[in-house]
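A quick note: this is a predicted structure, and the numbers were derived from the prediction, not measured.
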Number of protein chains: 2
Amino acid sequence: MTADSWLNQLQQGGYRLTEARRAVVDVVSACDHALTPVEVYDAARQVYPALGLVSVYRTLEKLDELGLVQRVHQEGGCNAYLPHADGHQHLIICEQCGRALYFSGDDLSGLFQKVGEQHHFSITGHWLQLSGLCAECQPE
Amino acid sequence: MTADSWLNQLQQGGYRLTEARRAVVDVVSACDHALTPVEVYDAARQVYPALGLVSVYRTLEKLDELGLVQRVHQEGGCNAYLPHADGHQHLIICEQCGRALYFSGDDLSGLFQKVGEQHHFSITGHWLQLSGLCAECQPE
DNA sequence: CGCTTATTGAAAATCATTTTCAATTATAAG
DNA sequence: CTTATAATTGAAAATGATTTTCAATAAGCG
Ligand SMILES: [Mn+2]
Ligand SMILES: [Mn+2]
Ligand SMILES: [Zn+2]
Ligand SMILES: [Zn+2]
């Protein structure tokens, strides 16, 4: 289970396992759409009502540090988190329901290198994100 | 000149031309790297010292509304603005000096469509941004 | 030039995030 | 199973960015 793996990695990282962290990890590790700190807070309190919003911020910070979550940028805001991509992957996000999904296998570095040369840039990274409608949100 | 065109469009949009707006437009329309509201404020005050930060926010909001600027997302933050791309273009940003540049001519919609199908998404948009080193920032 | 109303900057309010702090608790040692 | 220690907690205060309020100003129009 992802949650257990995350908890292990927190512990390996020298952090203690607490109720607050367990609650946050349970919510975020299992979620298929990006959540803001407050959304994590609301969801996690259903399991652990004593949770403080501060601990959500602090836990997300540590999960980010450990590479277990990543921040998601969208029109609506840039403070939502998802389980981190596995290797080099990019996001597709449903603009209706927010479902997020990673895909891989794009090989664009050649193209990007070429574009870079044309503009005298040496390209070191790229950021690609698709948006659309997931199966469930498409009209019949 | 871009600045004049922006001012015209503000006027066409029903907005009055004021010193505050002129100062903001002068700075943003001529800038080749993304600026935060405070950076715009500092730059524009050199020309118009009475400027208030609030007016920078308000002017950027209107320029965005008119499609004259666009928000730029980066690791460091997502509250910087650039003159809006001309049609369908994407950004290359120098990770050293922040110089920003648009490129076009990528035709990736075929690829994206295919990726979408594989995951039962109908793709409606994409977001692509390259980062690297501009000519001036490359070692020798 | 004068009228009307959008726009202004200052100050206050709001909102998200971070810091401070005393109380609690996870963990390791005994 | 204690006990000791230091990390972690949630509440409250502080901060920082952005928005709202408001009375004064000035753009645009006749
Ligand atoms: Mn890629
Ligand atoms: Mn494109
Ligand atoms: Zn959907
Ligand atoms: Zn550069």
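The residue A:Gln11 sits close only to the backbone: its heavy atoms come under 4.0 Å of sugar-phosphate atoms, none of a base.
In this structure A:His120 satisfies the side-chain contact (heavy atoms from CB on, under 4.5 Å) test together with B:Ala135, sequence neighbours excluded.
Across the protein-nucleic acid pair, B:Leu35 atom CG and D:dA17 atom P stand 16 Å apart, rounded to whole Å. Atom CG of B:Leu60 and atom P of D:dA17 are 15 Å apart (whole Å). D:dC29 atom C1' lies 14 Å from atom CG of B:Leu17, rounded to whole Å. One can place CG of B:Asn79 at 13 Å from C1' of C:dA16, the figure rounded to the nearest angstrom.
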Nucleotides 2-10 of chain C: protein proximity per nucleotide (B base, S sugar-phosphate only, - neither; heavy atom, under 4.0 Å)
---BBSBBB

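Residue B:Trp127 belongs to a hydrophobic cluster whose other members are A:Trp127, with links defined by side-chain heavy atoms closer than 4.5 Å. Clustering of Ile, Leu, Val, Met, Phe, Trp and Tyr by side-chain heavy atoms under 4.5 Å joins B:Leu111 with A:Ile92, A:Leu101, A:Phe103, A:Leu108, A:Leu111, A:Phe112, A:Val115, A:Phe121, A:Ile123, A:Leu128, A:Leu130, B:Ile92, B:Leu101, B:Phe103, B:Leu108, B:Phe112, B:Val115, B:Phe121, B:Ile123, B:Leu128, B:Leu130.
Taking the centre of each ring, B:His126 and B:His88 come in below the 6.0 Å mark.
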Donor-acceptor contacts, no H, no angles, side chain residues 19-30 of chain B, under 3.5 Å, sequence neighbours left out:
from: B:Arg21; atom 1: NH1; to: B:Arg16; atom 2: O; distance (Å): 2.8
from: B:Ser29; atom 1: OG; to: B:Val25; atom 2: O; distance (Å): 2.8

Donor-acceptor pairs are to be reported for all side-chain atoms of residues 62-73 of chain A against protein atoms at under 3.5 Å, with residues two or more places apart or in another chain.
from: A:Glu65; atom 1: OE2; to: A:Tyr15; atom 2: OH; distance (Å): 2.6
from: A:Gln70; atom 1: OE1; to: A:Ala85; atom 2: N; distance (Å): 3.2
from: A:Gln70; atom 1: NE2; to: A:Tyr102; atom 2: OH; distance (Å): 3.4
from: A:Arg71; atom 1: NH1; to: A:Cys78; atom 2: O; distance (Å): 2.7

